Amino acid sequence: MENTEFKELKKQLLSTKKNGYDRPLDQAAMEAYCDGYKAFLDAGKTERLCAAEVIRLAEERGYRPYTRGMALSAGDKVYLSNRGKAVLLACIGERSLAEGAQIAAAHIDSPRLDLKPNPLYEDAELAYFKTHYYGGIRKYQWVTIPLELHGVVALRDGTAVQVNIGGDSGDPRLVITDLLPHLGAEQAKKPLATAIPAETLNLLLGSRPIGGEEDSGRVKLAVMKLLNGKYGITEDDFASAELEAVPAVNACDIGLDRSMIGAYGHDDRVCAYAALRALLDLERTPARTAVCVLADKEEIGSDGVTGMQSAAFDTFMEDLCGAQGVPVRACFEKSFCLSADVTAAYDPDYADVYEKRNAAYLNYGVGLCKYTGARGKSGASDADAETVAYVRQVFDSAGVAWQIAELGKVDAGGGGTVAMYMANRNITTLDAGVPVLSMHAPFETVAKLDCWETYRGMKALYESEK
Ligand code: MN
Ligand code: MN
């Protein structure tokens with residue numbers, strides 16, 4: 001075989017995945033998009049703050065709050081806030097919902113430290129908050145980093161007091177201490193998973209006493225006095241509060257070439273932003289109704305009233321379908337959902353947990369996952385071949401850089417997304433998202449190119465006529 005013939009045959013028959021920088025790329029548009037994304041991250045470090053930012057951005061683009069019974073016609077833009085913690089948005093399409101909707105579903109909750117219901121205590125004349133971690137964290141990563149606290153304290157009269165400690169410049173921050181190496185010899189022998197027990201994840205709040213030397217609980221009282229002065233709350237009010245400690249770090253560029261973004265909460269606000277921005281940026285009324293679902297509670301199993309398993313989504317879709325006299329089940333069976341969630345990016349420092357031929361790589365574009373799950377695909381929706389082919393066709397037609405991967409080696413672990421909850425509703429669903437380095441860490445890293453290609457992929461799906 002001639003050398004040219006060999007090369008031609010190779011090109012024809014073998015896969016040639018390219019680094020996204022070796023493909024056509026509008027770098028200026030990518031940078032502008034990523035600037036918007038970084039601002040979105042900084043504005044929404046909790047699910048509530050993120051939902052509020054989503055609504056602000058949507059209203060800016062003409063989205064109106066949906067109310068039941070509202071007459072809807074093609075081109076109408078509506079959103080529904082589910083208890084301020086999840087958001088559903090829709091741009092009504094030219095065609096009937098009987099022909100299905102184009103859905104993108106991402107989640108806006110991220111791993112963090114929640115306060116316990118009786119959080120405040122004093123020990124050794126230091127005041128602390130007890131925490132209960134939310135989602136899959138590696139506990140050793142959360143000590144000795146600056147933290148800020150956000151959330152609400154709901155009072156008996158129904159008013160919700162917004163709490164923000166550390167979120168504004170000049171604010172004090174909170175911290176969880178760790179042992180010094182000089183006394184850490186025994187701790188250092190323990191496995192990572194147990195070296196930092198959950199009950200030591202206590203937020204340091206203060207050390208300055210009030211009252212006289214003969215009094216007790218002086219630092220705790222001093223802290224409560226400060227909280228009462230700022231928020232009007234008392235210790236009993238913590239019973240009906242949702243306060244979340246998150247890293248006190250804003251998003252920033254990573255690398256000398258500024259090709260990456262470091263931030264807290266890329267999982268899954270990087271996909272949530274792509275799904276939202278693509279919807280808001282639609283220039284024309286889509287053929288099929290475009291729906292963007294930004295769910296809460298994914299990190300703890302998608303249960304609960306604001307999670308993807310909640311009937312809130314079905315009710316919203318039933319209401320939209322009702323306006324067109326379409327049974328929701330008929331809409332679902334013709335719908336397509338991209339379950340937009342992050343995947344693990346190949347990390348050469350930890351090569352042994354990845355299977356190189358089936359890993360997602362930074363700068364290779366949006367990562368499709370036919371299935372997630374663990375131990376023989378358990379807990380995966382496992383999209384069918386035709387569904388993957390459909391997305392392949394849409395992405396290729398729009399020139400979107402994409403790759404297909406698994407999350408790590410078989411039996412090395414695994415992960416879940418909202419895909420199965422959509423698929424269980426009889427909605428054709430495929431997982432896809434941005435590859436992330438150090439996923440679930442207080443500071444995660446993604447490549448700008450992958451953020452941008454995910455956005456472009458979402459837009460192509462909303463605009464898809466099929
Ligand atoms: Mn996720
Ligand atoms: Mn996650």
Side-chain angles (χ1 to χ4, degrees), residues 37 40-41 44-47 50-51 54 85-87 103-114 133-139 141-142 193 244 246-247 251 261-276 292-304 306-310 313 337-345 347 353 360 366-374 379-381 383 405-408 412-423 429-447 450-451 454-455 457-458:
Y37 172 50
F40 177 77
L41 283 171
K45 289 179 183 164
T46 66
E47 77 289 3
C50 187
V54 166
K85 293 171 62 116
V87 189
I103 305 166
H107 66 93
I108 55 173
D109 61 317
S110 296
R112 59 180 192 249
L113 304 173
D114 287 346
Y133 64 93
Y134 172 98
I137 64 161
R138 310 190 80 193
K139 295 186 268 293
Q141 295 176 335
W142 291 75
E244 307 173 3
V246 295
I261 302 172
Y264 163 68
H266 282 312
D267 177 7
D268 182 36
R269 293 178 195 129
V270 69
C271 296
Y273 186 71
L276 173 71
C292 173
V293 185
L294 303 175
D296 181 30
K297 296 280 179 273
E298 193 279 338
E299 294 296 355
I300 57 169
S302 296
D303 291 298
T306 49
M308 200 63 250
Q309 296 195 65
S310 161
F313 171 70
C337 175
L338 195 76
S339 163
D341 205 347
V342 298
T343 187
D347 186 338
V353 294
V366 53
L368 306 186
C369 285
K370 186 177 180 298
Y371 45 84
T372 56
S381 81
E406 292 195 6
L407 197 156
T417 67
V418 301
M420 63 175 181
Y421 308 116
M422 300 307 272
T429 303
L430 179 65
D431 266 309
V434 175
V436 179
L437 288 168
S438 343
M439 194 199 292
H440 281 206
F443 192 73
E444 307 171 311
T445 297
V446 296
D450 301 328
C451 301
T454 301
Y455 158 79
M458 297 283 185

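Bear in mind the structure is a predicted one, so any value in this text is a computation, not a measurement. Whatever order the structure lists ligands and atoms in, that order sets their numbers, starting from 1.
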- Message: Take a 6.0 Å sphere around OH of Tyr133 and say whether it holds more than 12 heavy atoms from other residues, nucleotides or ligands.
- Response: no

- Can you name the N, O or S atom of His107 that is closest to the Mn ion (ligand 1)? NE2

- Please answer whether the main-chain N or O of Ala86 pairs with a side-chain N or O of Asp296 as donor and acceptor at a distance below 3.5 Å. no

- Message: Quick check on the Mn ion (ligand 2): does Asp267 put an N/O/S atom closer than 2.8 Å to it?
- Response: yes

- Query: Restricting to N, O or S atoms of Glu299, which is nearest to the Mn ion (ligand 2)?
  - Reply: OE2

- Task: Please answer whether the main-chain N or O of Ala106 pairs with a side-chain N or O of Asp268 as donor and acceptor at a distance below 3.5 Å.
- Result: no

- Task: Take the angle between the ring planes of Trp142 and Tyr264 and call it parallel below 30°, perpendicular above 60°, tilted in between.
- Result: perpendicular

- Task: Starting from the Mn ion (ligand 1), look over the N/O/S atoms of Asp341 and name the nearest one.
- Result: OD1

